[in-house]
Each structure stands twice: as C-alpha cells, then as structure tokens.
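Index from 1, following the sequence. The analysis underlying the following values was restricted to heavy atoms, covering all of them including side chains, and did not include hydrogens, waters or symmetry mates. Fair warning: this is a prediction, and the values are worked out from it, not measured in the lab.
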Amino acid sequence: MTTTERQRSTETALDFDAIVIGAGFGGIYALHKLRELGYRARVIEMGDGVGGTWFWNRYPGARCDVESIEYSFSFDPRLEQEWNWTEVMPPQPEIEQYLNFVTDRLELRPDIQFETKVTAMTWDEDACAWTVETDRGERYTSRFVIAATGCLSAPLTPDIKGMDSFGGISLFSNNFPKEGFDFSGKRVAVVGTGSSGVQSIPVVAAQAEHLTVFQRSAAYTMPANNRPLAPGELEQLKAGYPELREAQRASLAGVVRFGGALRAGDPPTRKILETAPEERMQLIDTLGWAAPVAWADVMVDMEANHAATELYAELIRRAVKDPDVAEALIPHYPMGCKRQIIDTDYFATFNRENVSLVDLRRDPLVEVTPSGIRTEHEDFALDVILYATGFDAMTGALNRIDIRGHEGASLREFWESEGARTYLGLQVAGFPNLFTVTGPLSPSVLANMVLGIEHHVEWIADCIEYAREHGYRRIEPTAEAQDAWVEHSNSLVEGSIRTDDSCNSWYVGANVPGKKRVYMAYTGGFPKYRERCAEIADAGYEGFALS
Ligand code: N01
C-alpha cells in the first residue's frame with residue numbers, strides 16, 4: 001500500500017505532510033511510522049539504496065560496535081523474529097541486507113525517492129510549510145521535514161596538498177566502491193586511524209603486497225571479540241527479546257550486552273588513583289584490555305586518566321613486537337576523549353612483515369605526489385591510497401543543505417557562529433516544523449543509535465499527531481527553552497575529560513577547521529533523556545511554541 005492509498009491527510013494544497021531526508025535506520029522508520037498514521041510522506045535519499053551509514057561505509061572490515069541482537073529495530077516483533085543475524089557483532093553487508101529486508105517487508109520502497117539530494121529548504125511562513133529543493137530540480141512543499149540525515153554522514157575529505165595528482169587509485173572509507181576492491185598485489189596506504197582505519201587496516205593488510213599506515217593520532221582500541229553465533233544461540237536470544245528491549249531502554253547507553261567489547265555493563269565504582277600501581281598492573285593479567293577502562297575516575301580526573309593510559313600503553317607493548325612501533329602506537333591524548341574503538345587483530349597486524357607504520361607526529365605528511373605520499377623524511381611509492389579521515393559530525397549533513405528558516409535565517413550560519421544549538425536535539429529555534437532525528441545535544445552517538453532513532457521517530461510522530469489533533473500547523477522551540485537545554489547539556493560535560501583542551505575529537509568538532517567547539521552529544525544517559533522528553537510532551541510540549 002502506498003502513501004496515497006492510505007492517506008488520511010486533508011493537506012491537499014501541499015505535496016506532502018512530511019518529507020524525510022535520508023533512508024538509513026531513521027528515515028526508514030520515520031516513513032513507516034508516518035504512513036501508519038496516515039500521512040503523505042516521502043523519503044528523499046542520495047544513494048541508490050537504503051542503509052544510510054551502512055550504505056556508504058562499505059570499506060573492508062566495516063562492522064558495528066554494538067551487538068547485532070541489540071542493533072536492530074525493536075518496534076515490530078515480527079521483524080525481530082524473521083531476521084537472522086549470523087555474527088555477534090554485525091558486519092556492514094549484513095546490516096545493509098537487514099535494512100533492505102525491513103524496507104521490503106514494510107513495503108516502503110515506493111515512497112523512497114533514490115539518487116536525489118536535497119539541496120535547499122525554505123520555510124514559507126504564510127503557508128506554514130517547507131519548500132524542499134533537490135538536485136534534480138524538483139520543488140516539493142511539505143508541512144514537516146524530518147531530517148534523518150545521520151550523525152556521521154558528511155564525509156570529511158582531507159585537505160592534503162597534491163591529493164588530486166595521485167596517479168594510482170584513491171579510495172575513501174566513507175564512500176567505498178559498491179563492488180568492493182581487491183588490494184592483492186598492491187602497495188597500499190591507509191591514511192587515518194579512527195574507527196574506520198582501525199577496522200580496515202587488518203583486512204587490507206591480509207590482502208595487500210604491502211600496507212603503510214599513516215597515523216597522525218594513535219587509537220584507543222580494544223578487541224571486538226567477534227564470532228559467529230553458535231548453533232541455537234540466535235533462537236535463544238530471539239526468545240529473550242522482550243526482556244532485552246526493556247533492559248536496553250533502562251540502560252545508560254541503550255546497550256545491555258557487552259559480550260563483544262570489553263566494557264562493563266554497570267558504571268565502575270573503583271578508582272584507579274586509590275589502587276596501588278602494582279595492583280593496577282596485575283589487573284592487566286586478569287582483565288586484559290578491560291583493565292584501563294574499568295575505573296570510576298578516568299573520565300573526570302586527568303591524573304587518573306594518565307594512570308589508565310599507562311595500563312593501555314603496557315598492553316600495546318605486550319601486543320606489538322617491535323618496541324619502536326609499539327611506542328608509536330601509544331596514544332598521547334586522554335583516554336575516553338575520542339570514541340572508544342573496537343577492532344579485530346589491529347595491533348597484531350603491526351607484527352606482519354608486510355605492514356609498516358609512519359608516525360606523522362614525527363615525520364609529517366607533506367604531500368601526495370603522482371606516485372605516492374611524501375613525508376618530511378621519505379617518499380612512499382604507492383598503488384592505492386585509502387583515506388579513512390572521518391566526518392563533519394552531527395551538524396555537517398544539515399549544513400550542506402541551504403536551510404532557510406524564519407525570516408530567511410540560515411541554519412548553517414546559525415550553527416557556524418553559535419555552535420550546535422538545539423532543543424532536545426529534536427528542533428532548532430527559528431526553524432519551525434523541522435525535526436532532527438538524533439540531532440546535536442541528544443544522546444545519539446553516545447547511545448545505541450537504533451534505539452535513539454526509534455525514540456526520536458516515535459516522539460516526533462506523537463508530536464505531529466498532537467499538532468493535528470489540536471489544529472496546530474506550526475511548532476518550534478522557544479529561544480529560552482533552547483538556551484536552557486544547551487546550558488544543561490553543556491553543564492553535564494564541563495570539567496570532564498571529554499571537553500578538556502587536550503581532547504580534540506569530532507564530538508567537539510575539533511576535526512573540522514574553524515568549527516565552533518561544542519560537545520555535541522547529551523551525556524546524561526538515555527533513560528534520563530527519555531524521561532525528560534516524555535515530561536515535555538505530557539506537559540503539552542513545554543518549551544515549544546505551537547500555533
Ligand atoms: O573518523 P575519525 P572515522 N592527515 O574522525 C585522521 C563512527 N564509526 O571514520 O585524530 C592524516 O574517528 C585523523 O587523525 P586525527 C564512530 O563513531 C563507527 O574513523 O585528526 N590523518 C583520524 O585518525 C567513529 O568515531 C564504526 O589526528 C588525518 C582519522 O583520520 C566515527 O564514525 C566504524 C588527516 C579520522 O578518524 C568516525 O570514525 C566506523 C590528515 N589530513 C566509524 N585528516 C563502528 O561501528 C584526518 N586524519 C565500529
């Protein structure tokens with residue numbers, strides 16, 4: 001059944017009740033939810049398939065860091081039971097297949113317009129609607145726009161001199177060829193050692209003739225402990241879905257099972273600074289890679305953080321045979337300031353004969369040449385360069401659309417000058433009827449993304465229903481409510497490791513030159529956040545102006 005067949009809307013003067021941007025987890029669910037409620041909705045998607053993050057990031061080794069059983073939609077028990085995961089930590093192809101399965105199962109495809117980029121959006125105060133423009137020259141009018149544009153979806157191409165002159169093949173982790181790439185017999189470089197680089201390096205190394213890793217900042221990474229699901233295991237997990245979902249919603253990060261990575265389920269209570277140094281070191285033998293992270297004080301006390309990084313350094317020294325390479329792989333910034341990475345065989349890869357590491361802090365990258373990469377001290381001849389250099393996170397995807405709200409105000413200019421500001425991560429004052437799924441200052445990237453997305457989509461759908469039932473056509477946050485939320489969100493991270501000056505992560509926008517430094521996720525935990533969102537809705541959308 002398509003949108004038109006089931007429509008309940010009376011908004012015939014507008015093309016749509018809602019336009020949804022993006023066909024990842026967020027866009028797919030938003031479309032389903034809106035159609036269920038009888039709205040005329042269309043998804044506009046840049047790619048030629050569904051998946052969002054999991055459509056574009058198909059680099060070798062791409063895998064989610066949340067267990068498959070938890071990284072899936074919870075809104076329909078039939079989907080949970082029908083889909084079969086094969087590994088504990090889901091690989092990219094399987095997540096992409098899963099999202100295609102959901103799309104087909106819910107018959108969503110007819111309402112998704114593929115290979116179309118939203119280029120501009122203009123708010124029309126008289127019509128109380130958005131005009132949405134695409135790169136195909138279309139102009140659609142819609143009462144609401146739901147930006148399901150993703151948190152890490154605007155690729156950041158590094159500004160390295162000579163990149164375009166390279167005579168070999170340049171690949172990008174965040175836009176990897178759909179048909180894959182065979183690195184066999186090739187001299188390959190990987191530039192970047194964040195999650196994408198760390199995941200791809202072992203897989204590329206296993207194929208390439210030689211791999212040179214160009215590292216600017218070393219990675220805090222720990223084993224994913226991935227494995228195929230054992231016979232009968234999936235059935236058992238599926239039987240426990242209702243309890244699992246409940247526990248997920250009650251947990252701080254929307255994640256219950258930490259079988260893959262080595263994090264503890266409950267926040268640790270023991271302090272590293274109150275533990276004797278010899279005992280800390282002994283913990284390496286019993287806890288392994290969990291030893292540095294299992295402390296209550298590492299995220300709030302820099303001295304404690306240094307003590308924890310010592311444990312981490314020791315683990316790297318034990319894992320990497322060449323002492324110079326091991327030293328270069330030890331991070332020199334606080335632990336926990338960037339995203340904790342999980343890997344498969346990352347450090348062991350540096351023990352391979354065909355892998356070498358270039359520490360760009362000691363030997364800076366000067367330029368890409370037609371034949372390879374030149375650093376201050378050396379020329380590297382290469383056939384392939386794989387850039388895994390990250391994203392303009394949280395605000396980047398929307399900033400790449402020319403969004404003009406009330407009185408022509410530009411969202412890009414607002415965020416560029418003021419930093420990421422929103423109310424609840426759901427709306428921005430001055431941009432009525434525009435909802436952001438897992439927008440800045442919501443738990444988003446700090447919680448299970450799928451759960452966060454479901455929560456937001458359901459909250460947004462309820463809000464739209466409320467507006468319809470009460471005859472409202474316009475909703476936006478008040479500037480006061482937004483200011484208070486920004487202040488609250490900022491106050492939660494002030495003085496923590498996450499916002500320390502030595503901590504230059506994408507969470508604060510430090511990877512994008514000139515980006516205003518703001519910690520862009522809400523750190524109060526998923527349950528508190530949900531509670532606050534519910535209270536606000538129950539109070540008639542407190543802090544929002546409806547008219
Ligand atoms: O990007 P990143 P990512 N010259 O920004 C380096 C999620 N994710 O795509 O740190 C040389 O983390 C840069 O160096 P530095 C996850 O949330 C999840 O890897 O700026 N190097 C850094 O090493 C993750 O955090 C999964 O000094 C340059 C790297 O490139 C987020 O996406 C998998 C450079 C970029 O690391 C982003 O991860 C993948 C230059 N000019 C991603 N410019 C999972 O689910 C940048 N770098 C597991």
> Less than 6.0 Å separating the ring centroids of Phe55 and Phe114?
Replying inline: no
> If only atom types and distance count, is the side chain of Ser68 paired as donor or acceptor with the main-chain N or O of Met89 below 3.5 Å?
Replying inline: no
> side-chain contact (heavy atoms from CB on, under 4.5 Å) with Ala420: which residues, sequence neighbours excluded?
Replying inline: Thr395, Pro440, Met520
> Can you check whether Gln248 reaches Phe526 side chain to side chain, under 4.5 Å on heavy atoms?
Replying inline: no
>> Regarding Glu107 and Arg109, does a basic nitrogen lie under 4.0 Å from an acidic carboxylate oxygen?
In response: no
> After noting the C-alpha distance and the side-chain angles of Trp54 and Tyr98, does the key distance pass the ring pair (Phe, Tyr, Trp, His ring centres under 6.0 Å) rule?
Replying inline: CA-CA 10 Å; Trp54 301 105; Tyr98 167 74; over 10 Å; no
> Quick one: does Asp383's side chain have a donor or acceptor within less than 3.5 Å of a partner on Arg187's backbone?
Replying inline: yes
>> Please enumerate all residues that pass side-chain contact (heavy atoms from CB on, under 4.5 Å) together with Ala521, with sequence neighbours excluded.
In response: Ser444, Val445, Leu446, Tyr519
>> Checking Leu99 against Phe73 for the side-chain contact (heavy atoms from CB on, under 4.5 Å) test, could you report, in this order, the C-alpha distance in whole Å, the side-chain angles of both residues, the deciding distance, and whether it holds?
In response: CA-CA 10 Å; Leu99 287 169; Phe73 285 125; 4.0 Å; yes
> If you take all heavy atoms of Ile342 and Thr221, which pair is closest and at what distance?
Replying inline: C-OG1, 3.8 Å
> Does a side-chain N-to-carboxylate-O contact under 4.0 Å join Lys516 and Glu418?
Replying inline: no
> After noting the C-alpha distance and the side-chain angles of Asp135 and Thr119, does the key distance pass the side-chain hydrogen bond (donor to acceptor under 3.5 Å, both in side chains) rule?
Replying inline: CA-CA 6 Å; Asp135 63 348; Thr119 52; over 6 Å; no
>> If the condition is side-chain contact (heavy atoms from CB on, under 4.5 Å), which residues does Trp130 pass it with, not counting sequence neighbours?
In response: Met121, Trp123, Val132, Val145, Ile403, Phe431, Asn433, Leu434
> Cation over ring, Arg468 on Tyr39, under 6.0 Å and within 45°?
Replying inline: yes
> Any donor and acceptor pair, going by atom type alone, linking the side chain of Asn511 with main-chain N or O of Phe391 inside 3.5 Å?
Replying inline: yes
> Any salt bridge between Lys117 and Glu45, counting N to O under 4.0 Å?
Replying inline: no
> How far apart are the C-alpha atoms of Arg517 and Asn504, what are their side-chain angles, what is the distance that settles it, and do they pass the side-chain hydrogen bond (donor to acceptor under 3.5 Å, both in side chains) test?
Replying inline: CA-CA 9 Å; Arg517 209 177 158 98; Asn504 291 312; 2.9 Å; yes
> Do other residues, nucleotides or ligands put more than 12 heavy atoms under 6.0 Å from the CG atom of Asp48?
Replying inline: yes
>> For the CD atom on Glu535, are there more than 12 heavy atoms of other groups (residues, nucleotides or ligands in this structure) within a distance under 6.0 Å?
In response: yes
> Quick one: are Phe172 and Leu386 in side-chain contact, heavy atoms under 4.5 Å?
Replying inline: no
> Quick check: does any side chain N or O of Ser489 sit under 3.5 Å from a backbone N or O of Val486, one acting as donor and the other as acceptor?
Replying inline: no
> Can you find a heavy atom in the side chain of Val50 that is under 4.5 Å from one in the side chain of Glu96?
Replying inline: no
> Going by distance alone, is a donor N or O of one side chain under 3.5 Å from an acceptor N or O of the other, for Tyr29 and Glu458?
Replying inline: yes
>> My understanding is that only residues two or more places apart in sequence, or in another chain, count here; which of them pass salt bridge (charged side-chain N to carboxylate O under 4.0 Å, His left out) with Lys186?
In response: none
>> Determine whether Ser74 and Glu454 satisfy the following criterion, side-chain hydrogen bond (donor to acceptor under 3.5 Å, both in side chains), listing intermediate values before the conclusion.
In response: CA-CA 8 Å; Ser74 70; Glu454 285 188 320; 2.5 Å; yes
> Taking 4.0 angstrom as the limit, do Asp17 and Arg143 come out as a salt bridge?
Replying inline: no
> How far apart are the C-alpha atoms of Phe214 and Phe380, what are their side-chain angles, what is the distance that settles it, and do they pass the ring pair (Phe, Tyr, Trp, His ring centres under 6.0 Å) test?
Replying inline: CA-CA 11 Å; Phe214 290 82; Phe380 297 86; 5.2 Å; yes
> Ion pair present between Asp65 and Arg339, side-chain N to carboxylate O less than 4.0 angstrom?
Replying inline: yes
> Hey, does the side chain of Gln427 reach the backbone of Ile475 with a donor-acceptor pair shorter than 3.5 angstrom?
Replying inline: yes
> Going by atom types only, do Asn448 and Arg249 share a side-chain donor-acceptor pair under 3.5 Å?
Replying inline: no
> Is it true that the side chains of Tyr507 and Arg498 contain a donor and an acceptor less than 3.5 Å apart?
Replying inline: no
>> Suppose we screen for salt bridge (charged side-chain N to carboxylate O under 4.0 Å, His left out). Which residues come up paired with Asp402, at least two apart in sequence or across chains?
In response: Arg404
> Does His32 have its ring centroid less than 6.0 Å away from the ring centroid of Phe75?
Replying inline: yes
> Is it true that Tyr466 and Trp459 have ring centroids separated by less than 6.0 Å?
Replying inline: no
>> Checking Ile95 against Cys64 for the side-chain contact (heavy atoms from CB on, under 4.5 Å) test, could you report, in this order, the C-alpha distance in whole Å, the side-chain angles of both residues, the deciding distance, and whether it holds?
In response: CA-CA 9 Å; Ile95 304 176; Cys64 186; 3.8 Å; yes
>> Quick check: do Leu382 and Val188 have side-chain heavy atoms less than 4.5 Å from each other?
In response: no
>> Whether the side chain of Thr389 engages the backbone of Leu156 through a donor-acceptor N/O pair (distance < 3.5 Å, no angle test) should be reported.
In response: yes
> Between the side chains of Thr422 and Gln482, is a donor N or O closer than 3.5 angstrom to an acceptor N or O?
Replying inline: no
>> Check this for me: does any side-chain nitrogen of one of Arg245 and Glu70 sit under 4.0 Å from a carboxylate oxygen of the other?
In response: no
> Checking side-chain contact (heavy atoms from CB on, under 4.5 Å) for the pair Leu211/Val213: CA distance, chi angles, key distance, verdict?
Replying inline: CA-CA 6 Å; Leu211 169 64; Val213 175; 4.0 Å; yes
> side chain to side chain contact (heavy atoms under 4.5 Å, CB included) with Glu138: which of Ile44, Thr116, Asp15?
Replying inline: Thr116
> Is the Lys NZ or Arg CZ of Arg42 less than 6.0 Å from the centre of Tyr140's six-membered ring, within 45° of the axis?
Replying inline: yes
> Can the ring centroids of Phe544 and Trp485 be said to lie less than 6.0 angstrom from one another?
Replying inline: no
>> So that I can tick it off, tell me whether Arg40 and Asp111 are bridged by a salt bridge, with the cut-off set at under 4.0 angstrom between side-chain N and carboxylate O.
In response: no
>> Can you tell me how the ring of Phe25 sits relative to the ring of Tyr71, calling it parallel under 30°, perpendicular over 60° and tilted otherwise?
In response: perpendicular
>> Suppose we screen for disulfide (SG to SG under 2.5 Å). Which residues come up paired with Cys503, at least two apart in sequence or across chains?
In response: Cys337
